[in-house]
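Working notes, beginning with the structure itself.
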Amino acid sequence: MLGIAAFSTLHAAGVDNPGSWQAIVAGQSGLKSNALPWCDLTCWLGEVAGVDDSPLPAELAAWDCRTHRLAWMALQRNRFQEAVAASAARYGAKRIGIILGSSTAGIRSTELAYTRQRSDGHWPDDFDYRRTHSLDALCRFSAAALGLQGPMVTISTACSSSSKVFVMAQRWIDCGLIDAAVVGGVDSLCMSTLYGFNSLQLLSGDICRPFDAARSGISIGEAAGFVLLDKQSAAINFIGGGESSDAWHMSTPHPEGIGAQGAMRAALQAAQLAASDIGYVNAHGTATLANDRAEAAATAAVFGAGQVPVSSTKGVTGHTLGAAGITEAIAVIQTLEHQTLPPSANLRSAEADLQIDVVTSPRHATLHHAMSNSFGFGGSNCSLIFGRAS
Amino acid sequence: MLRFDLYAAGVIAPGVNSLDELLAMRRSGPLPSVAGIELPSPKSLPANERRRASQVVRLTLACAEQALEASPFAVEQLRMVFASDEGTGEVCQQMLESLATTRAVSPLVFHNSVHNAPSGYFSIGHQNQQSAVSVSLGHESFASGLLCAVAEAQTSGQPVLFLSYDASMPEPLRGVLPIAQATATAWIIASALQPMCGRPPIARFDVELCDAIADADDATPDWMPAGWSSNSSAEAFRVLAMLDGRDATCEMPLGAQRLRVTRVSEFSEAAAC
């Protein structure tokens, strides 16, 4: 068990913790019809406003890219930096690990530089692969911004990346390598994921509608989120996480969600809880036909048909890919704080065959434990359980 | 300090195709320049996937096969920790080229572009449903990945397959990430705290974080081709080469600190089951 000492979340529908919760609990979507000058696809996007006008401070300017701007915005807000500084004062900067998730890191910088390289045969002088696109850049940038010196790692397992960071932090703390950890994740809008998901016919032309009978795919968003985990318990805690592999297909989930079931059961086991102890599941709920069907089947198999309230907050934030795990983990932390279950946004009529209790409007609940699911390409599954101290 | 046992290892690099060949190189110095590696198509994958397997999937699965041959554990039992710097090699290049021209990204290229594609294919090929994580820390990916793998072995009490690898980067990407030749190692490890059934380990190591030092000499040793100095996974060769018996300890940077790996020269063999 690890205490949630501080957190900070940022996405299209909310640029700080209160704003994010307000949008999520109201089911107020931050998605807008695509108007990017560099992308001609018909889709909806969760774009964070004002990133272009928020340069990094001079001492961090060498790391400039959209991903790090999002990270910097989140690190500065919600008194997150202050909480990390207090933790560093208590344990020492070397005893705080940095474990962050990203799917594409700063690949947008390479997309832009590659086009220029193609036209004149030279990589632009102002392109710094190591400080933008390289998967370690986010960890090193965050360490520089927060003044930390602990061991670090970037987890990149597609859409489960920033969910698995909690499990790794638990391992490192259990081994005595560190006393606290900054976990989190960032992904920003880029051509690679927009055109990539489009090629798989998973990008919806409509706004994404998780669990809706007429859902037609994902809407991509960008986000940054960080949580400071402490070996000392707190008012809200990370209780345990479970992981599994589908061993089925690179980009399609097992139809009965065998791997998803394995992750949920492993999380319950790690948390030493029964399925009936969980009062809410924040689903991966991407709004693809295959995911929502497989996840509903897996959830019904683990909890019993309709036995646990479920919603996906991706209708509000979009699918933020490598940042989805942290964004939704924070949504679950806020759900526990506010004792109100957020609805599945953009839902018109839930698919009748899905044997789950989809939350359609904000619902008050007496909630002790809640779960967050994240599943990614490569059959990578992770379920996290958070709890309120009783 | 974390203590782990090594039960089996695989090594692939140009001119090196086993742990024994790596130890021979440690004794005799770098081989005459070898251009590249012919990687076999992964026999564990279904026929349609086998043909389409990218170079990095071939590299990692072939290296894992070497370790599996000597592993005392059932393959479905192994947790998976995969560590690489860039991790996808020519796949990233193919995607960037499509985006810069037709924007018609191939669906196959897209799902192969994720950092965890090799671990995904490994789990599919061997029907392994255990936890799998793919990690990176740039040039320190081996050090960081080893820490993840050893911590997972210790906290889970289960054996772990740890892969450390770098695919060669094609031009023009090689201009910004100069990895000219592919290198990989595969490790079957378990925590030394929980002796495993069956065959005894081939080596025991201690891993610990220590303070950075001002005048650290982290140059690629002279017994290794200088061209591998850009490969994070070549650091793994230094650690495995300690099985040769000449060196007892090996250090490398990890963020603001260093990772020290020490070979435990004398240890009692695993308890009988």
Side-chain angles (χ1 to χ4, degrees), chain A residues 40 93-94 98 103 110-111 113-115 117-118 121 123 127 129-130 134-137 139-140 143 148-158 164 167-168 170-172 174-175 177 191-192 195-200 243-251 258-259 262 266 376-380, chain B residues 2 80 85-87 92 95-101 103-107 109-117 119-121 123-124 126-141 144-145 147-148 150-152 154-156 172-173 175-177 209 211 254-257 259:
Chain A
D40 57 5
K94 288 176 191 162
I98 303 171
S103 177
T110 308
E111 291 172 359
Y114 190 89
T115 304
Q117 197 283 338
R118 249 185 137 269
W123 288 100
F127 173 58
Y129 168 83
R130 276 296 184 205
S134 188
L135 273 171
D136 58 327
C139 276
R140 296 186 198 279
L148 296 180
Q149 300 180 331
M152 52 172 86
V153 69
T154 299
I155 295 182
S156 188
T157 54
K164 282 172 166 281
V167 187
M168 191 66 79
Q170 181 83 64
R171 288 188 191 115
W172 283 13
D174 286 350
C175 286
L177 288 168
M191 290 178 82
S192 302
Y195 285 93
F197 277 103
N198 185 60
S199 78
L200 289 166
E243 302 164 287
S244 75
S245 300
D246 273 0
W248 172 258
H249 188 268
M250 272 306 290
S251 52
I258 294 291
F377 278 3
S380 175
Chain B
L2 304 177
M80 296 155 273
D85 184 347
E86 196 283 330
C92 183
M95 193 164 69
L96 290 166
E97 182 66 19
S98 299
L99 291 172
T101 53
R103 296 189 176 185
V105 176
S106 136
V109 164
F110 180 57
H111 78 204
N112 282 348
S113 75
V114 295
H115 192 67
N116 62 321
S119 75
Y121 281 110
S123 69
I124 292 168
H126 290 282
Q127 286 300 293
N128 179 323
Q129 298 186 341
Q130 303 285 338
S131 154
V133 68
S134 291
V135 303
S136 183
L137 196 63
H139 196 259
E140 297 164 8
S141 293
S144 183
L147 202 61
C148 293
V150 174
E152 181 153 356
Q154 178 159 322
T155 54
S156 70
L173 270 183
V176 291
L177 185 57
L209 291 166
D211 287 346
L254 175 52
Q257 301 179 64
L259 190 75

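Naming: A, B, ... by sequence-line order, numbering from 1 per chain.
Residue contact with chain A, scored on non-hydrogen atoms closer than 4.5 Å, involves the side chain of B:L209 exclusively. Interface remark: A:M168 contributes side-chain atoms only to the contact with chain B (heavy atom separation under 4.5 Å). With a 4.5 angstrom heavy-atom cutoff, A:D40 touches chain B via backbone and side-chain atoms both. Both the backbone and the side chain of B:Q127 come within less than 4.5 Å of a heavy atom in chain A. Looking at A:K164, the atoms closer than 4.5 Å to chain B (heavy atoms on both sides) all sit in the side chain, from C-beta outward. B:V133 touches chain A through backbone and side chain together, each having a heavy atom under 4.5 Å away. Looking at A:S134, the atoms closer than 4.5 Å to chain B (heavy atoms on both sides) all sit in the side chain, from C-beta outward. Only the side chain of B:L177 comes within contact range of chain A, judged by heavy atoms closer than 4.5 Å. Looking at A:Q117, only its side chain comes within 4.5 Å of chain B, counting heavy atoms on both sides. Only the side chain of B:L254 comes within contact range of chain A, with heavy atoms under 4.5 Å apart. Heavy atoms closer than 4.5 Å to chain B are found nowhere in A:I98, neither backbone nor side chain. Both the backbone and the side chain of A:C175 come within contact range of chain B, with heavy atoms under 4.5 Å apart. Looking at A:W248, only its backbone comes within 4.5 Å of chain B, counting heavy atoms on both sides. When heavy atoms are compared at a cutoff of 4.5 Å, B:T101 approaches chain A solely by way of its side chain, counted from C-beta outward. Of the atoms belonging to B:S119, not a single heavy atom falls under 4.5 Å from chain A. Residue A:A158 touches chain B through both its backbone and its side chain, counting heavy-atom pairs closer than 4.5 Å. For a residue to count as touching a neighbouring chain, one of its non-hydrogen atoms must lie under 4.5 Å from one of that chain's; by this rule B:L2 touches chain A with the side chain only.
The candidate with the highest count of non-hydrogen atom pairs below 4.5 Å against chain A, out of B:V109, B:V150, B:T155, is B:T155. When each of A:H249, A:Q149, A:M250 is scored by its heavy-atom pairs under 4.5 Å with chain B, the top score falls to A:M250. Highest contact tally toward chain B, considering only A:S156, A:G378, A:S380, is held by A:S156 [criterion: heavy-atom pairs under 4.5 Å]. Ranking B:Q154, B:M95, B:R103, B:Q130 against chain A, the residue ahead of the rest is B:R103, based on heavy-atom pairs under 4.5 Å. Note: B:V176 leads B:L173, B:N128, B:V176, B:D85 in heavy-atom pairs under 4.5 Å with chain A. Chain B forms more heavy-atom pairs under 4.5 Å with one residue of A:L148, A:L200, A:T157 than with any other, namely A:T157. Per-residue heavy-atom pair counts under 4.5 Å with chain B were compared for A:G259, A:S192, A:A93, A:A113, and the maximum is reached by A:S192. Taking chain A as the reference chain and counting heavy-atom pairs below 4.5 Å, the highest number among B:S156, B:G255, B:P172, B:A104 is found for B:P172. Interface summary for chain A: among B:A256, B:G120, B:A132, the most heavy-atom pairs under 4.5 angstrom belong to B:A132.
The aromatic rings of A:F127 and A:Y129 sit perpendicular to each other, their planes meeting at more than 60°, with 30° as the lower class boundary. Aromatic ring pairs are classed by plane angle as parallel below 30°, tilted from 30° to 60° and perpendicular above 60°; the pair A:F377 and A:F197 is tilted.
Looking at B:L99 and A:Y114, their side chains never come closer than 4.5 Å, going by heavy atoms from C-beta outward. Residues B:S144 and A:M152 fail the side-chain proximity criterion, which asks for heavy atoms closer than 4.5 Å. Side-chain contact between B:E140 and A:R140: present, with at least one pair of heavy atoms (C-beta onward) separated by less than 4.5 Å. Proximity of B:V105 to A:M191: side-chain heavy atoms (C-beta onward) are nowhere separated by under 4.5 Å.
To the nearest 0.5 Å, the span separating CZ on A:R130 from CG on A:L135 amounts to 9.5 Å. To the nearest 0.5 Å, the span separating CD1 on A:I258 from OG on A:S244 amounts to 10.0 Å. To the nearest 0.5 Å, atom CG of residue A:L177 and atom SG of residue B:C148 are 9.5 Å apart. With rounding to the nearest 0.5 angstrom, the CD atom of B:E97 is 9.5 Å from the OG1 atom of A:T115. A distance of 4.5 Å separates NE2 in B:H115 from OG in B:S136, rounded to the nearest 0.5 Å.
Taking each heavy atom of A:E243 and A:R171 in turn, the nearest pair found is OE1-NH2, 2.6 Å. Scanning both residues, B:N112 and B:A117, for their nearest heavy atoms gives O-CB, 3.7 Å.
For the residue pair A:S251 and B:H111, a side-chain donor N or O sits within less than 3.5 Å of a side-chain acceptor on the partner.
Centroid-to-centroid, the aromatic rings of A:Y195 and B:F110 stay 6.0 Å apart or farther.
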